[in-house]
Colleague: 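Quick one: the structure is below, and I'll ask about it shortly.
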Amino acid sequence: MSQNVRLAVYPRKGGPESITVIEGELGPLAPDHIRIDVHYAGINFADLMMRLGLYGAAPPFPFTPGYEVSGTIIEIGKDVRNRSVGDRVVAMTRYGGYTTIIDVLPDQSFILGPSMKLEAAAAMPVTYATAHHMLVHLGRIREGDTVLVHHAAGGVGTAVAQIAKAKGAEMIIGTSSAQKKEFVESMGMHHISRGDDFVALCHELTNGRGVDHALDPVGGNHLLKSYKALAKGGKLYTFGGSSAVPGQRRNILAALWMWWRFPRFDPLRMMNSNKAVFGVHLGTWDKEEIMQDQMKELVKMQKDGLIEPVVDSIFPLADVAKAHTHMHQRKNKGKILLDCRY
Ligand SMILES: NC(=O)c1ccc[n+]([C@@H]2O[C@H](COP(=O)([O-])OP(=O)(O)OC[C@H]3O[C@@H](n4cnc5c(N)ncnc54)[C@H](OP(=O)(O)O)[C@@H]3O)[C@@H](O)[C@H]2O)c1
């Protein structure tokens, strides 16, 4: 059966005002797909970068962004056996999530337990999978480890704090804009204000040792500073380039400046200091079976009360531009969601 939908579209590169919400029609459901009535869609920093044309892995314009949704299954394809109409699910959509209704393969979705609210579910996939991927899958975090994370008050930052704590980290240090100090501390982190000398402060807080894990989404020469904050045997994760986005408009000079200032690590120095550097990009990570296991563990951790997504704000789909502006203005503490029913 065809279905009317409402969806947000990026027609071309532009600021938040360029996003257009349009009406459309979804054709009949494919036999191997499920159809989800989307309640909430998650907003990620990558969505902003895609809109500005600064995200290599994005589809060509025009397209609908959105990596993750939560909602209720309203139809199942005739070949689908392991899902039912009425199931509450969270799904990883890899684009297209800013919409009222979406079709996905059953394996892209996870059935939610009764304790999981749909809001919390939509706030989980990207941020928690990224945090889990770095700390657990790549980093093998151990009890007593110390962690440094930047943009600590944001979606990934709060997920890192909760997962690191659940895995027994001794100390989690988080940098953010100064006005989020109280919030960052309430998440169990030591707060350092953006712009302060975090390398010196990390060494001070760890009695000169440095941190075991440094998670850097800023890029450019900031990455080298994060490397310097590491202890011997420490691991650096490079997972973003937020410094390429100084404002709401595309700024190609800032992007080039960031890229130019990315450090080129010397393998001999890395060898001598026993340090590792991991590159992390969930958008191009295609080991589906590992991702499935990661999501299953995350769902279990939520059920066990070890993690709980922090939702900053929920904007109606019609106000998607305001939601993006909110993130550009660095106002969010936790995750921003779209309510796709409005
Ligand atoms: N590689 C991957 O697979 C992957 C996956 C997910 C996310 N990421 C990266 O992780 C970072 C966090 O992502 P998120 O979705 O969780 O976003 P977020 O942290 O919830 O929101 C953005 C926050 O980043 C900080 N920020 C730094 N520079 C900014 C800028 N130029 N404009 C606006 N905000 C800026 C602000 O906090 P403060 O000012 O308080 O620092 C802001 O509140 C991003 O760099 C993103 O690209 C990477």
Side-chain angles (χ1 to χ4, degrees), residues 1-27 29 33-53 55 58-59 61-75 86-104 108-110 112 116-127 154-155 248 283 309-342:
M1 195 174 70
S2 297
Q3 195 111 33
N4 292 330
V5 287
R6 213 155 35 88
L7 64 164
V9 176
Y10 293 172
R12 60 187 170 278
K13 288 173 201 157
E17 75 293 338
S18 67
I19 312 173
T20 317
V21 178
I22 61 166
E23 306 282 333
E25 194 181 90
L26 211 55
L29 183 65
H33 277 63
I34 57 172
R35 181 159 285 179
I36 302 171
D37 177 19
V38 177
H39 288 218
Y40 300 102
I43 292 187
N44 291 288
F45 194 80
D47 302 347
L48 277 51
M49 296 188 80
M50 284 180 211
R51 197 193 64 241
L52 294 166
Y55 197 82
F61 293 96
F63 69 95
T64 295
Y67 273 120
E68 55 203 350
V69 299
S70 66
T72 312
I73 299 181
I74 51 171
E75 194 180 342
D87 282 347
R88 299 161 69 247
V89 288
V90 60
M92 300 192 79
T93 49
R94 201 162 279 182
Y95 316 120
Y98 290 16
T99 186
T100 51
I101 296 176
I102 194 163
D103 295 349
V104 298
Q108 288 173 260
S109 72
F110 297 84
L112 300 172
M116 179 71 117
K117 289 189 177 150
L118 286 175
E119 293 93 317
M124 254 187 86
V126 174
T127 51
Q248 299 191 27
V310 181
V311 176
D312 167 81
S313 46
I314 304 179
F315 291 81
L317 176 61
D319 286 340
V320 53
K322 285 186 189 160
H324 274 216
T325 300
H326 188 65
M327 187 177 269
H328 272 301
Q329 292 174 338
R330 300 173 179 257
K331 286 185 177 161
N332 63 302
K333 294 178 192 142
K335 187 88 180 176
I336 306 174
L337 299 179
L338 293 174
D339 188 333
C340 296
R341 297 164 304 169
Y342 302 104

Colleague: For a 4.5 angstrom cut-off between non-hydrogen side-chain atoms, does His39 reach Asp37?
Modeller: yes
Colleague: Please round to the nearest 0.5 Å and tell me the distance separating atom NE2 of His33 and atom OG of Ser109.
Modeller: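 One gets 11.0 Å once the value is rounded to the nearest 0.5 Å.
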Colleague: Enumerate, atom names and distances included, each donor-acceptor pair closer than 3.5 Å involving a side-chain atom of residues 62-69, sequence neighbours excluded.
Modeller:
| unit_1 | atom_1 | unit_2 | atom_2 | d |
| --- | --- | --- | --- | --- |
| Thr64 | OG1 | Ala8 | O | 2.9 |
| Tyr67 | OH | Tyr55 | OH | 3.2 |
| Glu68 | OE1 | Val126 | N | 2.8 |
| Glu68 | OE2 | Asn44 | ND2 | 2.9 |
| Glu68 | OE2 | Lys335 | NZ | 2.7 |

Colleague: In residues 318-329, what donor-acceptor pairs under 3.5 Å come from side-chain atoms, sequence neighbours left out?
Modeller:
| unit_1 | atom_1 | unit_2 | atom_2 | d |
| --- | --- | --- | --- | --- |
| His324 | ND1 | Arg51 | NH1 | 2.5 |
| His324 | NE2 | Tyr98 | OH | 3.1 |
| Thr325 | OG1 | Ala321 | O | 2.9 |
| His326 | NE2 | Asp312 | OD2 | 2.9 |
| His328 | NE2 | Arg51 | NH2 | 2.7 |
| Gln329 | OE1 | Lys331 | NZ | 3.0 |

Colleague: Going through the checks in order, is the side chain to side chain contact (heavy atoms under 4.5 Å, CB included) test met by Ile34 and Asp103?
Modeller: CA-CA 6 Å; Ile34 57 172; Asp103 295 349; over 6 Å; no
Colleague: Minimum heavy-atom separation for Gly53 and Lys13, please, with both atom names.
Modeller: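 Closest approach of Gly53 to Lys13, heavy atoms only: CA-CG, 3.9 Å.
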Colleague: Can you name the nearest heavy-atom pair linking Ala123 to Pro309, along with the distance?
Modeller: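 Residues Ala123 and Pro309, closest heavy atoms: CB-CB, 3.7 Å.
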Colleague: Taking the side chain as C-beta and beyond, is there a heavy-atom pair between Val311 and Leu337 under 4.5 Å?
Modeller: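 Val311 vs Leu337: side chains touch.
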Colleague: Does any non-hydrogen side-chain atom of Thr93 lie less than 4.5 Å from one of Val104?
Modeller: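 Side-chain contact under 4.5 Å: yes.
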Colleague: Of all heavy-atom pairs between Arg6 and Glu23, which one has the smallest distance, and what is that distance?
Modeller: CD-OE2, 3.4 Å
Colleague: As an exercise, state the distance from OG of Ser18 to CZ of Phe61, rounded to the nearest 0.5 Å.
Modeller: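 Going from the OG atom of Ser18 to the CZ atom of Phe61 covers 8.0 Å.
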Colleague: Flag the pair Asn332 / Ser313 as yes when at least one side-chain heavy-atom distance between them is below 4.5 Å, and no otherwise.
Modeller: no
Colleague: Can you give me the closest heavy-atom contact between Leu48 and Tyr10, atom names plus distance?
Modeller: N-OH, 4.4 Å
Colleague: Show the numbers, then the answer: is there a side chain to side chain contact (heavy atoms under 4.5 Å, CB included) between Val89 and Ile36?
Modeller: CA-CA 8 Å; Val89 288; Ile36 302 171; 3.8 Å; yes
Colleague: Tell me, with the steps shown, if Ile101 and Ile74 meet side chain to side chain contact (heavy atoms under 4.5 Å, CB included).
Modeller: CA-CA 9 Å; Ile101 296 176; Ile74 51 171; 4.2 Å; yes
Colleague: According to side chain to side chain contact (heavy atoms under 4.5 Å, CB included), who are the partners of Glu25, at least two apart in sequence or on a separate chain?
Modeller: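 Result, side chain to side chain contact (heavy atoms under 4.5 Å, CB included) vs Glu25: Ser2, Asn4.
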Colleague: Side chains of Met124 and Met116: does their closest heavy-atom pair fall under 4.5 Å?
Modeller: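 Yes; the side chains approach each other to less than 4.5 Å.
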Colleague: In the structure I gave you, are the side-chain heavy atoms of Ile314 and Leu338 within less than 4.5 Å of one another anywhere?
Modeller: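 They are not in side-chain contact.
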Colleague: Could you tell me the separation between the CE atom of Met92 and the CZ atom of Phe110, rounded to the nearest 0.5 Å?
Modeller: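 Atom-to-atom, Met92:CE and Phe110:CZ are 7.5 Å apart.
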Colleague: Apply the test side chain to side chain contact (heavy atoms under 4.5 Å, CB included) to residues Thr100 and Leu7: give CA-CA distance (whole Å), side-chain angles for both, the deciding distance (0.1 Å), then the verdict.
Modeller: CA-CA 6 Å; Thr100 51; Leu7 64 164; over 6 Å; no
Colleague: Does some side-chain heavy atom of Asp339 sit less than 4.5 Å from a side-chain heavy atom of Phe315?
Modeller: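 A side-chain contact under 4.5 Å is absent here.
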Colleague: Taking all atoms of both residues into account, what is the closest heavy-atom pair of Gly42 and Asp47, and its distance?
Modeller: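 Smallest interatomic distance, heavy atoms only, reads O-OD2, 3.9 Å.
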Colleague: Which heavy-atom pair separates Thr127 from Gly155 by the least distance, and what is that distance?
Modeller: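 Here Thr127 and Gly155 meet closest at CG2-C, 3.4 Å.
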